[in-house]
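The structure appears right after this line, and notes come after that.
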Amino acid sequence: MSGLINYVSCGVLWLGLAVKAPDLARHRSDPYLRAICAVLGLAGFCFLLGAPPTVGAINRLSGVPNLAAPLTYASITAYSAASQVLVVHWRGGERVHRVARCWIVAYTLVLVGIAAMFALGEAPVERRTDLDTYYATTPFLAEMIVLYLVGHLCAVSVTAVSALRWARDVTGWLRAGLVVLGVGSLCGGGYSVTKLVAVVARWCGRDWSGLSTNVSPAAAGLGALLTSAGILVPLAGPRLTEWRRSRLAFARLEPLERELDDLLTRRCLRLPRPRWATPTTRLMWRQTSIHNALSYLDASFDRSLYERTHEAVLGATGDAERAEAAAWAAVIAAAVREPGAPLPGEADRLTVRVPGPAALVRVADALSAPPPRDNPPHPHRPNPHEHPMTAAPAAQPPPQEPPTTAPISTAGRSTPHPSAAPRTATRTAAATRRGRRWPV
């Protein structure tokens, strides 16, 4: 067998170790970080030693048949001890160090038992993949196999129960990481369970070695992948969330930078654009350039324009943040048209502090928003479901005929009705505004 699953699992686990190594270097005295790094490093070491090519190399170089088996079992036992210590530090409490030492002592005894059982037993035939089932009935070697499997199963069971129980009390990325870690520990328990089943079947005279050689490595590989992901998710998740927020803020600030682009270019106020930078660094670059431009325009900000715009938007919307953003957008747009031109009086100068990073985003949104338009009422209300190009034209009012005057009798001019006088005056005034006089 090529041992591809083992080597891939080892690489994934050691990748997680490489991610955590800088934190461990900065905080060497942190027992929690030491436990995490020990779990990742020892788990990868288990897969490396358990790969068939590595087993053959160790046996060949040492000259002892199956020497790789107790070394692999010892690494699995050390990994189990590190997992228990990690769970203890997760739980916390007053007796953290005492309980952690108890687990370390217990698994140290398991290591001594594995070494003693291998020294007392006889394994002359090299078995690279099915040593567990092949020597399941051999004295001392059978006890060694059961000892490391039970120790591993105990460790992954405690880790799974603790992680899933803790996941009910937390939220966010930490909860997701604990759930993934718990599921990974359950998959790792499948490794021990399938091997124990194959060993028990061997005791009963049955050959179920396929569980040990095919199923258990797959369960162990999946468990290693999920375990590594469960440890890394709470660490990488918040950083990914921060990068996402930075990208959104960077995009929302574009209208404001575009408004200040000519000033930034002419006055060389824009910093050099960073290359191969994180979204957070690019956001800081854009914010710094905008603040440079606003500082240059500080003397040109019109206080009266700010106050008028602020009062108008606040009265229309009732939103103080929106009113502030609209007022700043107005004074910035006005100052950009005449940059560097000081206001006539010191009292007209704006004394409000330049908006911070969060307020800059709202100012950019106010600049990108379309200006409000006054829509006068129209006698024809279009159908909202009708296309504007195919809508029927609005009905025009029919032309009005000029009123006819009453005939003048021979006895004198006719007297109009009293209620007609206001209507006649109204029509006369309207006709005068249109440039012609309505006949009366």
Side-chain angles (χ1 to χ4, degrees), residues 15-16 18-23 25-27 170-177 229 231-301 306 309-310 313-314 317 319-337 339-340 350-371:
L15 177 62
V19 172
K20 290 300 299 177
D23 294 335
R26 290 191 297 266
H27 308 282
V170 295
T171 57
W173 288 106
L174 179 57
R175 182 177 185 178
I231 294 176
L232 296 179
V233 161
L235 305 174
R239 185 173 302 176
L240 294 176
T241 302
E242 181 184 359
W243 286 358
R244 178 178 177 273
R245 292 174 180 173
S246 298
R247 282 195 297 267
L248 293 177
F250 181 84
R252 291 175 63 184
L253 285 175
E254 183 180 1
L256 181 55
E257 186 187 18
R258 186 168 57 247
E259 182 74 18
L260 302 169
D261 182 71
D262 183 63
L263 176 65
L264 290 170
T265 303
R266 286 189 294 104
R267 300 298 178 180
C268 300
L269 300 175
R270 182 184 281 111
L271 298 177
R273 186 182 182 94
R275 295 183 179 181
W276 308 105
T278 62
T280 304
T281 304
R282 292 200 299 270
L283 176 62
M284 293 179 60
W285 165 78
R286 177 164 282 181
Q287 289 174 343
T288 304
S289 300
I290 291 174
H291 274 287
N292 291 343
L294 296 182
S295 299
Y296 180 83
L297 296 173
D298 182 54
S300 302
F301 291 151
Y306 179 92
T309 308
H310 188 278
V313 178
L314 184 61
T317 63
D319 189 346
E321 292 183 350
R322 184 175 178 183
E324 180 185 7
W328 271 110
V331 297
I332 290 173
V336 167
R337 287 193 291 268
L350 183 61
T351 58
V352 181
R353 187 177 180 180
V354 175
L360 282 180
V361 175
R362 293 191 293 269
V363 173
D365 293 339
L367 282 172
S368 61

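Computed from a predicted structure; not experimentally measured.
- With contacts defined as side-chain heavy-atom distances shorter than 4.5 Å, the pair Leu260/Leu297 qualifies.
- Summarising the geometry, atom OG belonging to Ser246 is positioned 8.5 Å from atom CD belonging to Gln287; distances are rounded to the nearest 0.5 Å.
- Put simply, the side chain of Arg362 does not reach to within 4.5 Å of the side chain of Arg322, judged on heavy atoms.
- One N or O on the side chain of Trp285 and one on the backbone of Pro272 form a donor-acceptor pair closer than 3.5 Å.
- A side-chain donor-acceptor contact under 3.5 Å links Trp173 and Thr241.
- Leu271 CG to His291 NE2: the interatomic distance, rounded to the nearest 0.5 Å, is 12.0 Å.
- Side-chain atoms of Thr309 never come within 3.5 Å of backbone atoms of Tyr306 as a donor-acceptor pair (strictly under, hydrogens ignored).
- The closest donor-acceptor contact from the side chain of Thr317 to the backbone of Val313 lies under 3.5 Å.
- Arg247 places no side-chain N or O within 3.5 Å of a backbone atom of Pro279 that could act as its donor or acceptor partner.
- In this structure, the side chains of Val361 and Leu256 stay at 4.5 Å or more apart for every pair of heavy atoms.
- Inter-residue side-chain proximity for Asp262 and Val336 is flagged as unmet; no heavy-atom pair is nearer than 4.5 Å.
- The nearest pair of heavy atoms linking Val363 to Pro355 is CG2-CG, 4.4 Å.
- Residues Pro22 and Ala18 share a closest heavy-atom pair of CD-O, 3.2 Å.
- Between Ala329 and Ala366, the closest heavy-atom pair is CB-CB, 4.0 Å.
- Looking at Leu253 and Leu283, their side chains come closer than 4.5 Å, going by heavy atoms from C-beta outward.
- Using a 4.5 Å heavy-atom threshold, the side chains of Trp328 and Leu294 count as separate.
- Separating the CZ atom in Arg270 from the OG1 atom in Thr288 is a distance of 12.5 Å, to the nearest 0.5 Å.
- Counting heavy-atom neighbours within 6.0 Å of Arg258 CZ, excluding the residue itself, gives a total above 12.
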